Amino acid sequence: MAALTAFARCVPLDICSMTASRTARPRFGSGSHLIIDNCAIITGDGHSHFPLGYLEIKDGHISEIGSGRYEHAPPDEAILFDAQGAMTLPGVINAHAHGCMSGPLMPSGSISSRDHDIEYQKNRHLLGGTTTLLNVCGFSLSRSRAERTHPIDVRWTSAHTPASKAAALAVDGTGLLAEHLSASITTAIEQGAVGLGEGGGGQTLGGGAQDYKFIPAAILKHTGVSLDAHTAGRLKNMLFGRDLMGKDRAPWSDFVTLCEQLGLVETHDAHSIAAVMSSTVLPSVGKALKGLEELAHWSSKTGLPALLHTAAPSARAVVDLAQKYPEACLIAAHCNHPSFTPQESVQLATELKSLGVAIEACTLDTITTRWRNSADNLDALVNAGLVDILSTDYAGGHWDGLLEAIHRIVRLGQMAMAEAVALATGNVARLFPDFADRGQLTIGKRADVVIADSRNLGRVRHVLIGGKIVVRDGIVVG
């Protein structure tokens with residue numbers, strides 16, 4: 001490498017100690033000229049991996065990327081970083097998250113998250129390497145209230161269709177104001193929606209949100225007994241089956257016995273418990289399934305990707321819609337849903353992929369948290385080579401990070417690192433037209449960059465968005 005004229009122009013990435021000529025910690029805006037040297041690089045295209053390289057950023061965009069060390073004297077205005085062998089990759093694009101902007105929460109149209117909860121969720125995503133995020137609750141209209149400025153680029157999707165609104169009202173709908181109820185897909189797109197969905201959800205299609213929220217609340221109100229999510233889900237599956245239509249449903253006597261063991265029938269009988277659960281879980285299901293078709297229809301008209309809740313109760317509907325609307329851009333959300341067995345996940349994803357549907361797998365809480373779900377279905381899909389994109393979803397707010405999941409995939413030898421990183425970067429950008437300017441470290445793309453531990457991508461040290469440092473040494477500074 002050519003000798004530098006001043007140490008002030010060649011600093012390690014921690015940039016905590018500066019020379020006398022630069023006593024202040026620099027704040028780099030979009031017009032800055034940065035050179036990140038001495039790093040391993042994964043470009044996000046699914047195959048390119050430079051064991052040693054450098055990245056040059058001008059005016060918030062990638063201006064040069066090369067193999068080996070940076071062998072030039074940097075221009076006077078440039079800042080040269082020595083990455084000390086760290087891994088450099090594109091900013092993560094999370095196409096399926098919840099609770100990251102104000103407005104109706106979830107496909108149930110529930111009351112908006114509080115401002116500090118929104119801030120917490122966005123910080124968690126950012127510190128995990130996510131630079132662009134899709135909030136897919138479905139009923140937002142731009143932002144319902146002013147939010148604190150945050151570095152992460154939060155976009156949003158629309159599910160403003162008649163049946164989707166009816167499904168939300170059937171299970172909750174307390175966050176739906178007149179403006180949300182009167183809005184249409186066209187209205188939402190005009191206000192900035194970049195995709196459609198989430199069509200259906202755990203709230204409206206008898207999934208995990210029923211287990212950890214709505215069923216326990218209904219049972220507590222009816223009996224005074226508190227249920228945890230595992231127990232509520234067990235009761236639900238015993239009564240309705242995994243697909244809500246009787247698949248693997250338990251004998252009635254087993255349901256009665258469990259109700260007795262839980263103390264639910266001390267003042268009520270099992271039939272009343274079943275009636276409460278039925279009135280909580282089932283009224284929204286048919287409406288939510290109809291809402292899936294409305295979104296597939298709008299995807300075929302607009303070309304926008306539509307994220308459809310894919311679980312045992314909706315699986316056949318998603319297959320049918322893929323056949324009915326071949327021109328639509330459909331994404332089968334969380335094909336690793338816990339309502340499937342691993343074999344069912346693979347069979348369904350194989351069928352959907354043959355119909356041109358993009359296959360999404362979600363981390364949920366399967367990587368390190370393991371609250372309610374295991375990684376068995378995720379492993380099955382990855383091992384079968386069926387996953388197109390990787391997202392977090394929500395898992396009651398207990399989701400695990402995307403780079404944590406990618407590190408696990410690589411560590412288990414399921415995919416090469418470059419291929420695994422593309423699941424949350426370049427592959428996502430190819431699905432969403434509005435993200436065409438990011439997702440890869442290539443010349444001309446927006447400089448959304450993550451610098452992480454070379455041995456564990458889940459350990460994110462620095463993040464840049466549009467060439468500006470927004471996370472430095474694990475602290476949000478943007």
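This is a predicted model, so every value here is computed, not measured.
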**Asked** Can you check whether Arg370's main-chain N or O pairs, donor with acceptor, with Asp365's side chain at less than 3.5 Å?
**Response** no
**Request:** Examine distances only and state if a side-chain atom of Glu419 and a backbone atom of Gly46 form a donor-acceptor pair shorter than 3.5 Å.
**Result:** no
**Prompt:** Parallel, tilted or perpendicular: which describes the rings of His334 and His96, with under 30° parallel and over 60° perpendicular?
**Reply:** tilted
**Request:** State whether the side chain of Ser112 and the backbone N or O of Gly103 hold a donor-acceptor pair below 3.5 Å, judged by distance alone.
**Result:** yes
**Message:** Does Glu266 have more than 12 heavy atoms from other residues, nucleotides or ligands lying within 6.0 Å of its CD?
**Reply:** no
**Message:** Checking the side chain of Thr204 only, and the main-chain atoms of Gly200 only, is there a donor and an acceptor separated by less than 3.5 Å?
**Reply:** no
**Prompt:** Considering only heavy atoms from C-beta outward, does the side chain of Val450 approach that of Leu403 to under 4.5 Å?
**Reply:** yes
**Request:** Using a 4.5 Å cut-off on heavy atoms from C-beta on, say whether the side chain of Leu289 contacts that of Ser314.
**Result:** yes
**Plane angle bin for Trp371 and Tyr212 - parallel if under 30°, tilted between 30 and 60°, otherwise perpendicular** = tilted
**Message:** Checking Leu89 against Met417 for the side chain to side chain contact (heavy atoms under 4.5 Å, CB included) test, could you report, in this order, the C-alpha distance in whole Å, the side-chain angles of both residues, the deciding distance, and whether it holds?
**Reply:** CA-CA 11 Å; Leu89 56 145; Met417 187 179 293; over 6 Å; no
**Prompt:** Is it true that a side-chain atom of Lys290 and a backbone atom of Val285 form a donor plus acceptor pair closer than 3.5 Å?
**Reply:** no
**Approximate separation, where rounding is to 0.5 Å, of Leu348 CG and Phe340 CZ** = 5.0 Å
**Asked** Are Met277 and Met238 close enough that some pair of their side-chain heavy atoms sits under 4.5 Å apart?
**Response** no
**Prompt:** Side chains of Ser110 and Phe214: closer than 4.5 Å at any heavy-atom pair?
**Reply:** yes
**Asked** Would Gln414 and Val387 count as a side chain to side chain contact (heavy atoms under 4.5 Å, CB included) if you check the C-alpha gap in whole Å, the side-chain angles of each, and the deciding distance to 0.1 Å?
**Response** CA-CA 12 Å; Gln414 296 172 319; Val387 179; over 6 Å; no
**Request:** Would you please classify the geometry between the Phe435 ring and the Phe432 ring as parallel, tilted or perpendicular, with 30° and 60° separating the classes?
**Result:** tilted
**Asked** Is there a donor-acceptor contact under 3.5 Å from the side chain of His268 to the main chain of His222?
**Response** yes
**Request:** Applying side chain to side chain contact (heavy atoms under 4.5 Å, CB included), run through Thr131 and Arg438 and close with a yes or a no.
**Result:** CA-CA 10 Å; Thr131 55; Arg438 64 200 73 183; 6.0 Å; no
**Item:** Close side-chain approach of Leu127 to Val460, heavy-atom, < 4.5 Å
**Value:** no
**Request:** Determine which pairs satisfy salt bridge (Lys or Arg N to Asp or Glu O under 4.0 Å) with at least one residue from residues 314-339, sequence neighbours left out, and list them in order.
**Result:** Glu293-Lys324, Arg316-Glu351
**Message:** Salt bridge check, Asp400 against Arg408: does any charged N sit closer than 4.0 Å to a carboxylate O?
**Reply:** no
**Prompt:** Are Asp388 and Arg430 within salt-bridge range, i.e. N to O under 4.0 Å?
**Reply:** no
**Item:** Asn135 side chain to Cys100 backbone, donor-acceptor under 3.5 Å
**Value:** yes
**Asked** Under the 3.5 angstrom rule, does the side chain of Arg461 hit a backbone N or O of Ile451 as a donor-acceptor pair?
**Response** no
**Request:** Kindly indicate whether the side chain of Cys362, heavy atoms from C-beta on, has any atom under 4.5 Å from the side chain of Asn336.
**Result:** yes
**Request:** Using the side chain to side chain donor-acceptor pair (under 3.5 Å) rule, take Thr187 and Ser184 through it: C-alpha gap first, then chi angles, then the decisive distance, then the call.
**Result:** CA-CA 5 Å; Thr187 303; Ser184 66; 3.1 Å; yes
**Complete:** Between Leu239 and Ser278, the two heavy atoms sitting closest are CD2-OG, 4.5 Å
**Prompt:** side chain to side chain contact (heavy atoms under 4.5 Å, CB included) with Leu134: which of Val194, Val428, Asp153?
**Reply:** Val194
**Message:** With a 3.5 Å distance limit and no angle check, can you tell me whether Thr157 reaches the backbone of Gly197 through a side-chain donor-acceptor pair?
**Reply:** yes
**Item:** CD1-CG distance between Ile359 and Asn427, expressed to the nearest 0.5 angstrom
**Value:** 12.5 Å
**Fill in**
Heavy-atom closest pair (Ala159 atom, Ser164 atom, distance to 0.1 Å) is O-CB, 3.2 Å
**Request:** Check Ala333 against Glu198 and note the closest heavy-atom contact, atom names and distance.
**Result:** CB-OE2, 4.5 Å
**Request:** Give, for atom CD of Glu404 and atom CD1 of Ile409, the distance between the pair rounded to the nearest 0.5 Å.
**Result:** 12.0 Å
**Message:** Checking Asp393 against His98 for the side chain to side chain contact (heavy atoms under 4.5 Å, CB included) test, could you report, in this order, the C-alpha distance in whole Å, the side-chain angles of both residues, the deciding distance, and whether it holds?
**Reply:** CA-CA 7 Å; Asp393 201 354; His98 295 278; 3.2 Å; yes
**Message:** Salt bridge or not between Lys236 and Asp211? Use side-chain N to carboxylate O under 4.0 Å.
**Reply:** yes
**Request:** Check whether more than 12 heavy atoms from other residues, nucleotides or ligands sit under 6.0 Å from atom CZ of Arg124, and answer yes or no.
**Result:** yes
**Message:** Taking the side chain as everything from C-beta on, heavy atoms only, tell me whether His309 gets closer than 4.5 Å to His337.
**Reply:** yes
**Complete:** Closest non-hydrogen contact found for Leu307 with Ala95 is CD2-O, 4.3 Å
**Nearest non-hydrogen partners of Leu227 and Pro216, listed with the distance** = O-CB, 3.7 Å
**Message:** To check you understand the geometry: which heavy-atom pair defines the closest contact between Gly444 and His61, and what is its length?
**Reply:** O-CD2, 3.4 Å
**Asked** Which distance, rounded to the nearest 0.5 Å, do you find between the CG of Leu141 and the OG of Ser182?
**Response** 8.0 Å
**Prompt:** At what distance, to the nearest 0.5 angstrom, does CG of Leu181 lie from CG of Leu176?
**Reply:** 5.0 Å
**Asked** If you measure from OG1 on Thr425 to CD1 on Ile42, what distance do you get to the nearest 0.5 Å?
**Response** 8.5 Å
**Message:** I'd like to know if the side chain of Asp243 reaches the main chain of Lys247, judged simply by a donor and an acceptor atom lying under 3.5 Å from each other, with no hydrogens or angles considered.
**Reply:** yes
**Prompt:** Which is it for Glu360 and Ser391 under the side chain to side chain donor-acceptor pair (under 3.5 Å) test, yes or no, and what are the steps along the way?
**Reply:** CA-CA 7 Å; Glu360 180 201 67; Ser391 307; 2.9 Å; yes
**Message:** Using side-chain heavy atoms (C-beta onward) and a distance below 4.5 Å, is Leu386 in contact with Cys335?
**Reply:** no
**Item:** Full working for side chain to side chain donor-acceptor pair (under 3.5 Å) between Thr161 and Glu294
**Value:** CA-CA 7 Å; Thr161 69; Glu294 292 171 335; 2.4 Å; yes
**Near-ring test Trp399/His125, centroid separation under 6.0 angstrom** = yes
